[in-house]
Amino acid sequence: MDSIPKFPLGDIIEKFIDFTTEHFSVFTRAISDITETALEHLIDGMLFFHPLVFIAIVGMVLFKFSGRKIAIGSVAGLLFILNLGLWDATISTLALVLSATLVSVSMGVPLGIMAALYKPFNRVLMPLLDFMQTMPAFVYLIPAIPFFGLGPVSAIFTTVIFAMPPSIRLTCLGISQVPSELIEAADAFGSTKKQKLFKLQLPLAMPTIMAGVNQTIMLALSMVVIAAMIGAGGLGGEVWRAIQRLWMGRGFEAGIAVVIIAMILDRVTQKTASKKK
Amino acid sequence: MCKIEVENLYKLFGEHASHAINDMKKGMGKEEIMKKHGVAVGLDNVSFSVKEGEILVVMGLSGSGKSTLIRCLNRLIEPTEGSVLVDGQDITKFNKDQLRELRSKKFGMVFQRFALFPHKSVIENAAYGLEVQNVPKDERLKKAADALELVGLKGWEEYYPENLSGGMQQRVGLARALAVEPDILLMDEAFSALDPLIKREMQDELLALQARVNKTIVFITHDLDEALKLGDRIVLMKDGRVVQIGEPEEILTNPANMYVEKFVENVDLSKVLTVSSVMMKPFAVTYPKDGPKSALLKMKEAGISSVMVVNRERQFIGIVHVRDVRKAAELNHKTLEEVLDRDVVTVLPDENISSLFTEEKFPIAVVDEKGVLKGAVVRGSLLSALSSEGGIGNG
């Protein structure tokens, strides 16, 4: 084996990242600054309310849109988090997850539509998605730092990469699953491509797309916790600190807070998905 | 006046269609083409025309190319070669925008499996064709409501397709096609997915509807019974080729070749059927002394346009037609004598029905040896009796 030299894959990637960092970090740092400011405002905004007021608002909104069960469960969960003294950390995690989800979905759904409508694009995109999903999530953390610096923006960046694939895949699937006879009917009445998309394909794909959004949120939440390693803070930060100091109880408390947030987000988005049908 | 003219239309499925078409013109068969070029033959030199206001039925078994053919008429499938003239314009030369315009304004299409949009209500479905033409909402909903009323679905506007039975769903499909006020209706096995009873009902309604709206209709079916019932003319297809074009009687009595003969052989029961098996009971008769008003009332009750006239012994005298009777009523005639049509063909109940095909004038009166009226044979019941007793017809 010694006669064959090792393929310098790592060196190449490193050189590539060095090169892009050197030339483009001006942009990425600018993006980072803007995003960070926006994120801070978002967190400040959410913390502006007294926790009990915030919980009451969430409870009322959920009561109206998601039903009594989910509203009561959510309020109880949030009160418990408040009681554990993890409120600020939870809000910052929530803000990260929501921002990352927003970016993932607003990029993922259009990409999914394109993949469904243009086969060549689909052929290029699918292997890329496999790559994004199977590459161990920690690896994304490394290049994120030179681009965006330590902190929440790097966390959002890695989270978006990790969490976007389900949005793309399920949007693509939902649109491909629209029965061909309905497409034919739409054609027979002289629909344009745009009309077909907005009047037929997207509405029919909506439950599947929402399932993708749900998956994206779940993945974002799990990644945000991992991203604490590069300074994302929030509940992940609590977990990370507990690991380093072997605070078993504190670690579980933060962990349970993550589970509560995950359950609330999951139930709310699932309910929305099934209601659209 | 021809509404649609199809000339030398070819459709080959596969990458090397252009090579294969030359071999095909030289007369190479379907299997050989498949072997040599890997190309499937959909349509092989199809030519026919559709007259304005007629129902043309394209009939054939599965794989005969009939579904391909109807889709070539509005280019849901691109023909490989040949021309399709609609109102004299060759639509195979149309660009995308012209084609869309043509599809949305001239054609209404009805599909075998209904193809209703499940996320839209009945009225939104019916309005879809207008919606894509950007017709303002109020106007399109009004037109859609009119179309729904036409197909007997008034009151169901706000339901969703999944709440409707098959027959009702297809009425929505029909309303969706009618709402755009097209010249031409393309009906692709429109009633094949319905159960027999509903199917027959829909056929009757289509004929009644056609009498009112008078569209040009191209109707695809694999059901001979249906073809005979609906078609003004029938195009019979096999393996992508037209085997015979003609009126229903012509195809039954004068099959062009072995294939057609085999096709209709199950139907050709004329040699074994007797008049009594195809006749209808004379559910309304009238007497010469009856006034025109009473005769009109009887016709109205029975929903028929002519009624048999018999004497006290129920012996057949003649027939009166609604048009004449109405005139007589207006002129205040006391009896039907003046308008009585005595020139009616009569047959015996046990006669062979094959002799009836040559008759021009219907209905035919069925009387026994003593001249007593036993029944009546109308053109429709003659044909449908023939086909409903057959094998293929019920497939």
Side-chain angles (χ1 to χ4, degrees), chain A residues 65 105 109-110 112-114 116-123 167 170-214 269-277, chain B residues 67 70-71 73-78 94 96-121 124-135 140 144 160-162 169 172-173 176-180 182 184-190 193:
Chain A
F65 292 105
V105 171
V109 170
I113 292 171
M114 277 162 67
L117 299 185
Y118 305 101
K119 292 293 160 232
F121 184 70
N122 190 18
R123 275 198 290 274
S167 278
L170 285 164
T171 302
C172 181
L173 178 73
I175 288 181
S176 321
Q177 274 178 342
V178 173
S180 59
E181 55 192 38
L182 296 186
I183 301 289
E184 188 177 50
D187 279 332
F189 284 97
S191 316
T192 61
K193 268 195 165 164
K194 200 172 133 198
Q195 286 171 331
K196 255 189 296 183
L197 181 64
F198 286 104
K199 292 181 194 299
L200 184 64
Q201 290 166 310
L202 277 181
L204 285 180
M206 203 38 94
T208 317
I209 294 177
M210 284 310 291
V213 171
N214 174 283
T269 48
Q270 264 187 19
K271 186 87 181 177
T272 324
S274 59
K275 212 165 56 180
K276 289 268 177 178
K277 212 177 167 191
Chain B
S67 288
I70 199 172
R71 281 166 177 74
L73 299 182
N74 62 357
R75 279 177 59 194
L76 283 176
I77 291 177
E78 288 290 342
F94 276 17
K96 254 187 182 172
D97 292 329
Q98 286 174 306
L99 185 61
R100 215 172 36 239
E101 173 97 8
L102 175 88
R103 284 175 179 170
S104 59
K105 299 260 164 75
K106 280 226 170 113
F107 285 109
M109 195 160 178
V110 184
F111 298 87
Q112 179 173 12
R113 308 223 54 98
F114 321 139
L116 298 180
F117 305 127
H119 61 298
K120 289 178 178 287
S121 66
E124 285 167 347
N125 263 288
Y128 183 81
L130 298 165
E131 189 183 342
V132 298
Q133 291 178 38
N134 297 317
V135 174
R140 70 173 187 247
Y160 281 80
E162 58 181 0
Q169 288 191 27
V172 180
R176 180 173 64 179
L178 287 170
V180 297
I184 303 162
L185 277 181
L186 301 177
M187 306 187 71
D188 179 24
E189 301 237 18

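Letters go in sequence order (proteins before strands), and every chain restarts at 1.
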Any chance you could measure B/Leu99, atom CG, to A/Asp187, atom CG, to the nearest 0.5 Å?
9.5 Å

Heavy-atom pair of closest approach, residues A/Leu182 and B/Pro118
CD1-CD, 3.7 Å

If you take all heavy atoms of B/Lys120 and A/Lys199, which pair is closest and at what distance?
CE-O, 3.8 Å

Measure the spacing between NZ of A/Lys193 and CZ of B/Arg100 and express it to the nearest 0.5 Å.
11.0 Å

Between B/Glu101, B/Arg113, B/Lys105, which shows the greatest number of heavy-atom pairs under 4.5 Å with chain A?
B/Arg113

Here the pair of heavy atoms bringing A/Pro203 nearest to B/His119 is CB-CD2, 3.4 Å

Cut-off 4.5 Å, heavy atoms of chain A, and the answer for B/Leu116 is backbone

Closest heavy-atom contact between B/Asn74 and A/Ala188?
ND2-CB, 4.2 Å

Rounded distance (nearest 0.5 Å) linking atom CZ of B/Phe111 with atom CD of A/Glu184:
5.0 Å

B/Lys96, NZ: over 12 other non-hydrogen atoms inside 6.0 angstrom
no

Do you know which two heavy atoms are closest between B/Tyr128 and A/Ser191, and how far apart they sit?
OH-OG, 2.8 Å

Turns out that what part of B/Arg71 lies under 4.5 Å from chain A's heavy atoms comes down to side chain

Does a sphere of radius 6.0 Å around CZ in A/Phe121 hold more than 12 heavy atoms from other residues, nucleotides or ligands, not counting ones at 6.0 Å or beyond?
yes

How close do A/Gln195 and B/Asn134 get, heavy atom to heavy atom, and via which atoms?
NE2-OD1, 4.0 Å

